[in-house]
Each structure stands twice: as structure tokens, then as C-alpha cells.
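Reading through the C-alpha cells given below for one structure.
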Number of protein chains: 2
Amino acid sequence: MSKSSSITIKDVAQSAGCGVATASRVLNNSGPASADVRERVERAARELGFSFSSIGRALQSRRSMTVGCLVPSLANPVFAEAVQGVQAELLGSGYQMLISCSNYDGAADEAAIEMLLSKETDALVATMVAPDRSPTLRLAQKRGIPILLMFHDPLDGFITSYVDNFDAAKVVARQFADLGHRRTAFLALRFTTSDRSRNRYAGFHSECRARGLPDPALIEIGEAEANQPDRLAAILAQHPKLTAIFASNDFLAIAVQKAARLLGWRVPQDLSVVGFDGIEVGRLLEKPLATIETSPEAMGRQAARSLLNLLQGGPSIQPPALPFAFRAGATLALPNPEKGDDGRGATQPPSDLPAEPQAQTRMNR
Amino acid sequence: MSKSSSITIKDVAQSAGCGVATASRVLNNSGPASADVRERVERAARELGFSFSSIGRALQSRRSMTVGCLVPSLANPVFAEAVQGVQAELLGSGYQMLISCSNYDGAADEAAIEMLLSKETDALVATMVAPDRSPTLRLAQKRGIPILLMFHDPLDGFITSYVDNFDAAKVVARQFADLGHRRTAFLALRFTTSDRSRNRYAGFHSECRARGLPDPALIEIGEAEANQPDRLAAILAQHPKLTAIFASNDFLAIAVQKAARLLGWRVPQDLSVVGFDGIEVGRLLEKPLATIETSPEAMGRQAARSLLNLLQGGPSIQPPALPFAFRAGATLALPNPEKGDDGRGATQPPSDLPAEPQAQTRMNR
DNA sequence: TTGTATGCGTTATCAG
DNA sequence: CTGATAACGCATACAA
């Protein structure tokens with residue numbers, strides 16, 4: 001058990017027989033030093049096992065070399081992967097990441113940002129319940145701290161790394177419409193606390209309107225329903241005429257299928273299901289999940305790059321939305337004619353389209 | 001745009017017309033102060049929007065109030081959930097979490113710990129490639145920094161939060177054996193860099209031996225094979241006599257089923273599959289996945305609690321292994337008599353056991 | 001009860 | 001080229 005309690009630059013200087021300023025210059029290559037003293041300092045540092053105190057440094061340089069990261073939850077792989085992307089991109093930049101989760105709670109968001117700020121992070125990357133109404137975020141902004149949003153649509157003074165949920169949802173609506181689906185629904189897990197969910201519904205709704213189709217139903221559920229197939233089934237049972245459902249994320253889409261099975265509904269014959277996110281496991285399923293494919297990791301990486309750029313004093317430029325792609329799957333098919341109440345469109349899908357939607361339909365931007 | 005650049009306690013003291021020491025005492029409730037000055041200081045702090053600089057504090061108190069966290073990857077939900085657990089438990093303790101990922105690379109592990117150490121984290125919680133052979137971790141230990149391992153088996157001077165992989169794997173072996181499986185295999189994704197994987201194989205192997213069954217095959221694969229069903233299928237095809245396979249994690253178990261389908265093998269009729277981890281989505285599948293259920297979040301929570309305890313100067317006590325449970329599923333059944341080369345045992349499973357394994361078989365410890 | 005002075009580890013300044 | 005010294009923001013002994 002060596003004494004080991006921190007070796008400071010003062011110790012090094014003393015051991016090398018020079019002043020601390022000289023030692024600092026040598027160790028940082030930040031100024032002149034004779035070959036002689038340079039040698040002595042380096043040897044002393046090596047022998048003493050010296051390493052800089054980032055706290056001392058932070059105090060003097062006014063930069064903590066950390067970035068704060070706030071996401072709703074790491075239990076959701078989408079956010080976990082985004083954080084992973086941020087982390088990966090930050091690696092080697094000298095910046096470390098301080099992380100915090102809100103559990104989709106707006107008040108926790110505020111507390112977390114406040115905490116991060118009090119830790120004097122040099123920058124922030126966040127996904128929040130309501131970034132547009134966060135006083136703490138505004139405060140951070142006023143302080144001149146670089147801020148990057150993830151998953152959110154572009155917002156006034158902030159840069160954001162995102163996928164165009166509205167557009168993506170329109171693509172799903174188009175898929176449904178092209179197959180002849182008329183009775184559709186959007187199944188939302190956290191509608192009130194997720195602008196992603198809201199934007200997806202908006203885009204879905206908008207495209208249905210534009211095509212003269214009935215408005216899609218909005219089915220909001222909570223955690224409990226999402227995790228208990230029987231409860232979810234009970235909810236689905238209230239919408240017997242549905243022929244297609246757009247779930248606000250892939251896990252939900254998988255849960256819907258479970259619930260449908262409980263009701264004796266076949267997927268996709270009785271009910272088409274499309275998810276969102278494009279999680280990897282979706283393609284491994286017996287019935288590969290049709291979904292919108294995105295890359296949370298790329299999002300995190302882009303966010304981190306923008307952040308580093310800002311940190312270096314670069315200009316504040318909003319990059320374009322990240323690409324997404326419709327991924328075809330076995331959970332999407334023509335509507336069941338027996339299920340519809342009117343049957344219009346169902347019996348006569350546009351003949352210029354294949355029954356099975358093609359893969360990798362499109363990339364936006 | 002107010003000037004806003006940080007308000008220090010000096011500003012507060014000046015505004016309140018008192019010395020910094022007094023202001024510090026008031027704001028920290030750490031000493032005497034007249035009601036009068038107390039009032040003035042508090043008002044000044046409020047009006048100026050003062051908040052402590054944790055850097056200044058850290059420098060003076062020699063504690064950064066951060067804990068470093070190192071995991072292989074956040075893209076693996078098991079680790080992400082564990083981190084989430086750590087985070088959740090740390091919430092409100094005043095400690096913040098600095099996070100780092102190694103991508104299952106031992107060298108990156110060293111670099112990450114070094115980085116964390118240089119950031120002067122007050123404690124460490126980590127899952128590494130080889131914690132037993134990490135010089136940097138030893139160094140941290142020597143410095144007296146509280147260290148908590150996650151997922152690893154108990155190790156010399158460290159406390160660890162873990163599930164007994166060896167025991168859990170034995171349970172899987174028992175399930176296979178009870179059904180009459182003789183030709184089994186362990187499918188390992190990262191055998192060389194994961195002691196979890198190795199311990200699972202060891203337990204599986206050990207139990208097979210103990211029962212006088214043939215040694216299970218060890219099939220090691222890489223990322224590429226795991227992600228490409230056709231390549232995985234090619235590998236599976238080399239083991240045509242297998243009747244049951246134990247995958248080192250649930251995703252792999254799902255991938256195996258995909259590969260099996262590609263080969264025309266039915267699950268579970270031609271091949272039984274059991275996974276590990278107990279990811280939520282496993283129960284929602286058309287064929288619910290048989291697996292060992294664990295709770296990474298609980299692991300993270302336990303680790304954080306132990307850490308906080310250590311940080312408060314508490315004694316270093318190794319808690320017992322966390323519980324696990326075998327989760328029955330539709331991917332496990334009797335072996336196909338036509339597949340075996342000898343058929344012994346397959347045609348005559350123990351008659352005192354139901355064909356369908358019972359749910360929630362057991363909890364250990 | 002209060003304020004002054006000191007030190008925590010670092011770097012920048014500035015005089016030698 | 002070198003080395004005292006003054007910040008940086010805070011808490012704490014110690015003196016008043």
C-alpha cells in the first residue's frame with residue numbers, strides 16, 4: 001500500500017529541482033525549456049507516476065472537459081444507442097460524458113439539466129419531454145453553453161440531430177394507403193411526453209387526410225398496457241374494424257402482434273402492423289417486422305460532432321435531418337376484405353403496385 | 001443576454017455585505033450565522049442566481065462527487081439497463097456518473113479506466129474484458145478508490161454485483177437433460193472477451209458431465225456470423241445432429257431460430273433453443289423464448305448501493321449473487337428421435353416430467 | 001457571530 | 001530560458 005495520495009506538479013518540480021511553472025511548461029509542451037531541465041522533469045514525472053489533476057486544470061482553465069448528456073431512459077435501446085454514438089464520437093476528443101436519465105419525466109428533466117449545469121459541463125446533449133418549455137435549458141443557452149438536441153425536431157435557437165418523424169410517418173401512411181387500407185390507427189405509448197410520438201401521428205394523420213382517407217384512430221396507452229398483452233388485447237378489441245396499425249415504436253409493434261394473436265387475429269391477414277425505429281431484432285423474427293429504419297447511433301454521432309464543432313468555436317449550423325428508410329416486412333399485407341365495413345379500396349388495391357411492398361423503399365434528403 | 005458568466009460566492013458575499021466565509025456557512029448550513037446576515041445572504045444568492053461551482057468544491061474537498069462507469073457497450077441492452085440501474089440508484093446521492101464504453105476491447109478498458117481515474121472519479125463501477133489482469137484497475141485499487149464490478153464473478157479484492165452464470169447454465173443443462181437431449185451445444189458470441197460466456201459454458205459443460213451425457217459442443221462465432229442469419233445457418237449446418245442449443249444470450253437465441261428456419265429445421269421440434277438474460281421482448285415472440293431470466297437493472301442498483309456504502313466509509317462486504325430464474329418458453333421441447341444418431345434417451349424421456357417445462361422453475365440464493 | 005487568510009492543483013503573467 | 005506569483009471558487013482554521 002504505497003502512500004499514493006496524489007502527486008502534484010509541485011512534487012514533480014521539486015523532484016526535478018525546478019519551479020512549477022517550468023514543470024508545467026515541459027509537461028504541456030507549452031513553452032520553452034532547456035533540454036536539460038526537460039529531461040529532468042520528464043523523468044521525475046515518470047518516476048513519481050504523476051498525472052494531471054483535471055480538477056485543478058478545470059478550475060484554472062474554466063473548462064471541465066465534460067459534456068452532459070440527458071436522455072429519457074437507457075432501458076430504451078434507441079436512446080442507449082444514441083448515447084453510445086455520442087460516447088464513441090467523443091472518444092479521443094478529451095471530453096468525457098456525464099449522463100443522466102429522466103424516465104420521461106419533465107420535472108426530472110429540469111432537475112437533471114440543473115445538476116449537469118452545476119457540474120459545469122462544457123456542453124449539453126439532450127432529449128427531453130419538452131425542450132421548448134424548459135426554463136433550465138434556456139438558462140443554459142443564455143450562459144452560452146453549446147447545446148445539442150437529439151430526436152427533437154429543429155427548435156428556435158438549438159441545433160438538433162434528428163429524423164423527420166412527420167415525413168417518415170407519411171411514408172407509413174402511404175404504404176397502408178397503397179395497399180388499400182382505410183381503417184387505420186396510430187398506437188402511441190407516450191403521446192404526451194414524446195414529441196416524436198406526436199410528430200409521427202401528425203404525419204400519419206396528415207397523409208391520410210391528403211389521400212381522402214378516414215382519419216386514423218389515435219390509441220394512447222400507458223406502460224402497463226404495453227407490457228401486458230392481455231390488456232393491450234382488450235384495447236385492440238375495441239377497434240374491431242382496424243386493418244392496419246402503426247405503432248410508435250418497434251417493441252410496441254411486436255407487443256401488438258402478441259395481443260392480436262390473443263384475439264385470434266392473424267398478422268398480416270387480419271391486421272397489418274408497422275413499427276418505428278428499425279431495431280435489429282425485428283429482422284430476425286419469424287415474421288420480419290415492417291418498420292421505419294433509423295440509426296440512433298448515427299444520430300448520437302452527428303450530435304457529438306456538431307457539439308465538438310461548437311466547442312471549438314465553430315459556427316452554429318443545423319445539419320439536415322438524418323435519413324430513414326422504410327423496411328419491408330411480413331407484417332404488412334393487403335387488408336382483409338371481410339373485416340372492412342365498406343370494403344371500398346380494399347377489394348381493389350392500385351394494380352400498379354406489388355402486393356408485397358418493396359424493400360428499402362426510399363431514403364429522405 | 002445578461003452577462004451571466006458565473007456568479008461566485010464572492011459576489012454573493014459582496015452583495016450581502018459580508019465575508020465569503022459567512023456566506024459559505026450560510027449557504028451550506030455549516031456554521032453559525034445571525035438571522036440577519038443569513039437572510040441577506042440567502043436573498044443575495046437568490047437574486048444573483050448563485051449556484052456553487054462543483055469544481056471549486058471538488059478542488060477544496062478532494063472529492064469530485066462523480067463515479068466512473070465502464071461497460072463494454074451500451075448497444076447491448078443488458079449493459080444499458082445495468083447502467084440505468086446505477087444511474088437510478090445514484091440519483092439524489094449527489095454523485096454523478098461519468099460513462100465510458102470499451103467495445104469489448106481490453107486495451108480500451110485500460111485506456112478508459114485511466115481516463116476515468118485522471119478525471120478523479122471518487123469511485124468506479126465496471127465490467128471489463130479481464131478485470132483480473134488489469135494493471136490500471138489494480139492501480140485504482142491501490143489508490144484506495146472504491147471499485148465495484150458488475151457481471152463478473154467475485155474476484156480477490158473487489159466487490160462484484162453478479163449473477164452466478166455457472167449455476168444458471170447448469171439449470172439449462174438440467175432442462176435439456178430432463179427432456180432427454182444428448183447432443184447439445186453452447187453457442188458463444190464473445191467467448192474470449194467475456195467471462196460470462198465462459199462461465200456459462202463451464203457450468204453447462206460441468207452439468208452435462210455430471211449427468212454422464214456427451215460433452216456439449218462449443219461453437220464460437222463472431223459479430224458477423226451473429227448478424228447474418230445465412231452465415232449462422234452455415235455454421236449450424238455443420239452440426240446436423242444437434243437437438244438442443246444454449247445460446248450465450250437472448251438475441252443470439254433469436255438469431256439461431258432464424259438460421260434454423262433457413263435450414264428448414266423446426267424449433268423446437270428439430271432444435272430446442274434456450275437463451276440467456278431474459279430480455280423483455282422474448283416473451284412477446286410468437287414462440288416465447290425459453291431463457292434464464294436476470295435483472296441487469298437490479299444488478300446496477302445493487303452495485304450503486306454497495307458503492308455508496310463504500311463511499312460513506314462502510315465495510316467492504318460482498319453481497320450474495322443476484323437471483324435468476326429459468327423462464328419456460330415454446331422453444332424448448334423433446335428432442336426429435338429421427339435426428340439423433342443413437343436415439344438413446346430421446347425416445348424415452350423421464351416419465352415423471354411434463355413435456356412442457358414448468359414456468360419460473362427456481363430462484364437461486 | 002464574523003471576517004481574513006490559506007490552500008487545494010493548475011496555468012498564465014511577468015519580471016529576472 | 002526560468003521561476004515566483006497571482007488567479008480560479010471554495011471551505012476552513014483561526015483570529016477578532
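Labels below follow one simple rule: chain letters A, B, ... track the order of the sequence lines, proteins then strands, and each chain is numbered from 1.
Nucleotide C:dG3 holds its C1' atom 14 Å from the CD atom of B:Q14, rounded to whole Å. Rounding to whole angstrom units, CZ of residue B:R38 and C1' of C:dT1 are separated by 11 Å.
Evaluation of the side-chain hydrogen bond (donor to acceptor under 3.5 Å, both in side chains) rule for A:S295 yields no partner, not counting sequence neighbours. Partners of B:R138 by salt bridge (Lys or Arg N to Asp or Glu O under 4.0 Å), not counting sequence neighbours, listed by chain and number: B:D156. Applying the side chain to side chain contact (heavy atoms under 4.5 Å, CB included) test to B:L59 and every residue at least two apart in sequence or in another chain returns A:I55, A:L59.
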Distances for protein N/O vs nucleotides 8-10 of chain C N/O pairs under 3.5 angstrom?
from   : atom 1 : to    : atom 2 : distance (Å)
C:dC8  : O3'    : B:R62 : NH1    : 2.9
C:dG9  : OP1    : B:R62 : NH1    : 3.0
C:dG9  : OP1    : B:R62 : NH2    : 3.0
C:dG9  : N2     : A:G56 : O      : 3.4
C:dT10 : OP1    : A:S53 : N      : 2.7
C:dT10 : OP2    : A:I9  : N      : 2.6

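A donor-acceptor contact closer than 3.5 angstrom is absent between the side chains of A:S73 and A:N103. Defined by atom type and a distance below 3.5 Å, a donor-acceptor pair is missing between the side-chain atoms of B:S15 and B:E47. Between B:S64 and B:E120, the side chains place no donor N or O within less than 3.5 Å of an acceptor N or O (distance only, hydrogens not considered). Residues A:Q96 and A:T66 bring no donor and acceptor atom of their side chains to less than 3.5 Å of each other.
Within a 6.0 Å sphere centred on CD of B:E42, heavy atoms belonging to other residues, nucleotides or ligands number more than 12. The environment of CD in A:E110 is crowded: more than 12 heavy-atom neighbours from other residues, nucleotides or ligands sit within 6.0 Å.
Rounded to 10 degrees, the angle between the two end axes of the helix from C:dT1-D:dA16 to C:dG16-D:dC1 is 50°, with five pairs used at each end.
Across all strands, A:S34 comes closer than 4.0 Å only to sugar-phosphate atoms, never to a base (heavy-atom distances). Note on A:A21: a base of the nucleic acid sits closer than 4.0 angstrom, heavy atoms only.
Screening A:R301, A:E297, A:M150, A:R305 for a side chain to side chain contact (heavy atoms under 4.5 Å, CB included) with A:V86, the sole residue that qualifies is A:M150.
Running 5' to 3' along DNA chain D, contacts with non-hydrogen atoms of chain A at under 4.0 Å begin and end at D:dC1 to D:dG9.
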